[in-house]
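For clarity, every value in this text was computed on a predicted model and none was experimentally measured. The analysis underlying the following values was restricted to heavy atoms, covering all of them including side chains, and did not include hydrogens, waters or symmetry mates.
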Amino acid sequence: MLDLICVLTALQIYCKDAHYNFYGVDFKPLHEWVDEISEPLGDYLDEMKENYFLFNNTLVPRGVDINEGAKDYVPTGLGSNLEILNNLLALITMAHNKVNNLSEINGIVGLGDLMGRLDSHLMKHIALLQLTTKEV
């Protein structure tokens with residue numbers, strides 16, 4: 001679970017970097033799109049911490065520890081709009097795969113539904129990013 005939280009935190013960080021670094025005629029729609037990707041993640045992360053760590057009577061990891069783990073996942077460069085979108089696709093796909101590989105959620109009431117909602121959000125943006133970055 002902690003690894004998924006770190007990846008989602010990395011996604012939030014990278015979205016904020018991307019938010020200010022798109023350029024050209026696509027700036028406005030891309031600028032707004034990364035907000036649409038990023039904004040719900042804070043609520044998902046909060047719910048994950050409450051439903052998983054608190055439910056298991058475990059200390060919730062400190063923000064500095066989560067950020068330390070997240071830094072390994074944040075892409076180092078930004079580059080062109082297409083490179084940024086490809087980096088976002090890679091991060092979101094990684095988060096999607098981690099959600100689907102979690103064995104820790106069995107028996108935790110509400111966590112399965114939470115993971116389903118989170119994964120639905122991720123899958124929507126995977127599909128949109130794949131269409132956007134697809135070569136014609």
Side-chain angles (χ1 to χ4, degrees):
M1 182 66 66
L2 180 57
D3 199 38
L4 172 59
I5 289 170
C6 289
V7 170
L8 292 173
T9 301
L11 178 57
Q12 280 186 308
I13 292 167
Y14 194 72
C15 280
K16 193 49 72 178
D17 288 343
H19 180 83
Y20 295 110
N21 285 283
F22 286 118
Y23 56 87
V25 296
D26 294 325
F27 173 81
K28 185 168 175 29
L30 294 174
H31 177 84
E32 292 171 351
W33 186 10
V34 292
D35 282 344
E36 185 181 322
I37 293 169
S38 179
E39 286 173 357
L41 295 180
D43 290 336
Y44 288 125
L45 285 164
D46 188 53
E47 244 184 290
M48 288 166 64
K49 292 171 188 173
E50 290 171 352
N51 289 357
Y52 181 76
F53 293 103
L54 295 181
F55 180 85
N56 286 312
N57 252 352
T58 307
L59 289 175
V60 176
R62 295 184 58 218
V64 293
D65 297 326
I66 292 169
N67 288 341
E68 182 68 24
K71 77 177 186 179
D72 294 331
Y73 295 111
V74 177
T76 55
L78 290 162
S80 69
N81 289 354
L82 183 59
E83 290 170 314
I84 294 170
L85 293 172
N86 281 323
N87 286 335
L88 286 169
L89 177 59
L91 267 174
I92 294 172
T93 300
M94 183 186 308
H96 164 71
N97 291 337
K98 289 188 180 298
V99 167
N100 287 294
N101 291 326
L102 271 180
S103 59
E104 305 163 347
I105 64 171
N106 293 332
I108 302 177
V109 177
L111 203 53
D113 175 62
L114 169 62
M115 291 298 122
R117 288 184 285 121
L118 170 60
D119 201 38
S120 177
H121 176 72
L122 297 172
M123 288 173 40
K124 169 184 144 184
H125 291 290
I126 287 171
L128 292 172
L129 281 161
Q130 286 173 334
L131 287 171
T132 303
T133 59
K134 184 177 180 179
E135 291 186 29
V136 180

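For Leu89 against Ile126, the heavy-atom pair with the smallest separation is CD1-O, 3.8 Å. When all heavy atoms are compared, the tightest approach of Met94 to Tyr73 is SD-CD2, 3.4 Å. Residue Gly42 comes nearest to Gln12 through the heavy atom pair N-NE2, 3.4 Å, listed as atom of the first residue, atom of the second, then distance. Of all the heavy atoms in Tyr23 and Asn81, the pair that sits closest is O-ND2, 2.8 Å. When every heavy atom of Asn21 is checked against every heavy atom of Asp17, the shortest pair comes out as ND2-O, 2.6 Å. The nearest pair of heavy atoms linking Gly79 to Ile84 is O-CD1, 3.9 Å.
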- Message: With side-chain contact (heavy atoms from CB on, under 4.5 Å) as the criterion, how do Ile66 and Lys49 come out once you've worked through the C-alpha distance, each side chain's angles and the decisive distance to 0.1 Å?
- Response: CA-CA 11 Å; Ile66 292 169; Lys49 292 171 188 173; 3.7 Å; yes
- Item | side-chain contact (heavy atoms from CB on, under 4.5 Å) between Phe22 and Val34, worked out | CA-CA 10 Å; Phe22 286 118; Val34 292; 3.6 Å; yes
- Query: Hey, mind stepping through Met48 and Leu118 against side-chain contact (heavy atoms from CB on, under 4.5 Å) and telling me if it holds?
  - Reply: CA-CA 10 Å; Met48 288 166 64; Leu118 170 60; 4.2 Å; yes
- Message: Before you tell me yes or no, could you show the steps for Ser80 and Glu83 under side-chain contact (heavy atoms from CB on, under 4.5 Å), namely the whole-Å CA-CA distance, both residues' side-chain angles and the distance that decides it to 0.1 Å?
- Response: CA-CA 5 Å; Ser80 69; Glu83 290 170 314; 3.4 Å; yes
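In this structure a side-chain-to-backbone donor-acceptor pair under 3.5 Å is missing from Asp119 to Met115.
Residues passing the side chain to side chain contact (heavy atoms under 4.5 Å, CB included) test with Asp43: none are found, sequence neighbours excluded. Qualifying side chain to side chain contact (heavy atoms under 4.5 Å, CB included) partners for Ala95, counting only residues two or more places apart in sequence or in other chains: Leu4, Val7, Leu8, Leu122.
How far NZ of Lys71 is from SG of Cys6: 11.5 Å, rounded to the nearest 0.5 Å. Here CD of Glu68 is found 12.5 Å from OG1 of Thr9. Values are rounded to the nearest 0.5 Å. Here Trp33 contributes atom CH2 and Leu128 contributes atom CG; the two are 5.5 Å apart, rounded to the nearest 0.5 Å. Atom OG1 of Thr133 sits about 10.5 Å away from atom CG of Leu88, to the nearest 0.5 Å. Here the OH atom belonging to Tyr14 is positioned 14.5 Å from the NE2 atom belonging to His19, to the nearest 0.5 angstrom. A distance of 14.0 Å separates NE2 in His96 from NE2 in His125, rounded to the nearest 0.5 Å.
Classification of the Tyr20-His31 ring pair by plane angle, with boundaries at 30° and 60°, yields perpendicular.
With hydrophobic clusters built from ILVMFWY side chains whose heavy atoms lie under 4.5 angstrom apart, Tyr44 does not share a cluster with Met123.
No more than 12 heavy-atom neighbours from other residues, nucleotides or ligands sit within 6.0 angstrom of CG on Leu59.
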